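All heavy atoms count here, side chains included; hydrogens, waters and symmetry mates do not. Bear in mind the structure is a predicted one, so any value in this text is a computation, not a measurement. The residues of the chain are indexed from 1 along the displayed sequence.
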Amino acid sequence: MKKLFALLALASAANFAAAAEVVGDAKAAGSKVAMCIGCHGIPGYKATFPEVYQVPMIGGQSAKYIESALRAYQKGERKHPSMRGIAAGLSDQDIADVAAYYSQQK
């Protein structure tokens, strides 16, 4: 009986986790990407803080890559201070929306 309850609890937890998955909406990202465009939307742009840095173009990158990069900035695994500050203020939905938006760009 205990095994049955444990199995049911595990199945319920798995269903809850699947239902909680965030889905990106590229259309909802319009106002969210305004802060990104200033650097990532200019071909050949170089940032000068904290040092000269070639800013990558992110249009056309996969959504998974963009989500992974933003989460790494949030966790401090990626060190660029401007990106860490920007990523820190993003919710899971914001990240999914921004990733969906840029993955559809060319």
Side-chain angles (χ1 to χ4, degrees):
M1 189 67 147
K2 287 182 183 180
K3 289 182 181 180
L4 179 61
F5 283 122
L7 184 59
L8 288 173
L10 184 60
S12 295
N15 284 337
F16 178 77
E21 187 175 326
V22 178
V23 177
D25 180 359
K27 292 179 184 176
S31 63
K32 298 174 186 179
V33 297
M35 64 186 150
C36 308
I37 293 171
C39 296
H40 292 285
I42 303 170
Y45 182 72
K46 293 181 182 179
T48 58
F49 176 80
E51 58 192 43
V52 176
Y53 175 78
Q54 181 71 39
V55 177
M57 298 298 291
I58 57 177
Q61 289 284 0
S62 75
K64 285 187 177 193
Y65 172 79
I66 295 170
E67 288 179 13
S68 176
L70 289 170
R71 291 190 199 295
Y73 283 117
Q74 283 181 328
K75 294 175 187 174
E77 295 168 355
R78 287 191 174 201
K79 305 294 183 194
H80 195 275
S82 297
M83 283 302 305
R84 285 190 71 195
I86 290 168
L90 298 175
S91 69
D92 289 343
Q93 186 64 58
D94 293 338
I95 290 174
D97 293 346
V98 168
Y101 176 87
Y102 276 109
S103 70
Q104 294 178 5
Q105 303 299 305
K106 294 192 184 227

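With hydrogens and angles ignored, the 3.5 Å screen pairs no side-chain donor or acceptor of Asp97 with any backbone N or O of Asp94. With hydrogens and angles disregarded, a donor-acceptor distance shorter than 3.5 Å links the side chain of Gln93 to the backbone of Val23.
Ala63 and Ala99 make their closest contact through O-CB, 3.5 Å (heavy atoms, listed as atom of the first residue, atom of the second, distance). Considering all non-hydrogen atoms of both residues, Tyr45 and Gln54 come closest at O-NE2, 3.5 Å. Closest approach of Ile66 to Ser103, counting heavy atoms only: CD1-N, 4.3 Å. Of all heavy-atom pairs spanning Asp25 and Ala100, the tightest one is N-CB, 4.1 Å.
Taking hydrophobic clusters as Ile, Leu, Val, Met, Phe, Trp and Tyr residues chained together by side-chain heavy-atom distances below 4.5 Å, Phe49 does not share a cluster with Ile86. Cluster membership for Met35 and Met57, using ILVMFWY side-chain heavy atoms within less than 4.5 angstrom, is not shared. Val98 and Val22 sit in two unconnected hydrophobic clusters of ILVMFWY residues. Membership requires side-chain heavy atoms under 4.5 Å apart, directly or through other members. If you chain together hydrophobic residues whose side chains sit under 4.5 Å apart, Ile58 and Ile37 fall into the same group.
Atom CZ in Arg78 sits 8.5 Å away from atom CG in Leu70 (nearest 0.5 Å). The structure places CG of Leu90 at 6.5 Å from CD of Gln74, a figure rounded to the nearest 0.5 Å. Remark: Arg84 CZ to Glu77 CD distance equals 10.0 Å, nearest 0.5 Å. We find the NE2-CD distance between His40 and Gln105 to be 13.5 Å, quoted to the nearest 0.5 Å.
Residues Glu67 and Asp92 are not in side-chain contact: their nearest non-hydrogen atoms beyond the backbone lie 4.5 Å or more apart. Cys36 has its side chain within reach of Tyr102: a pair of non-hydrogen atoms, C-beta onward, lies under 4.5 Å apart.
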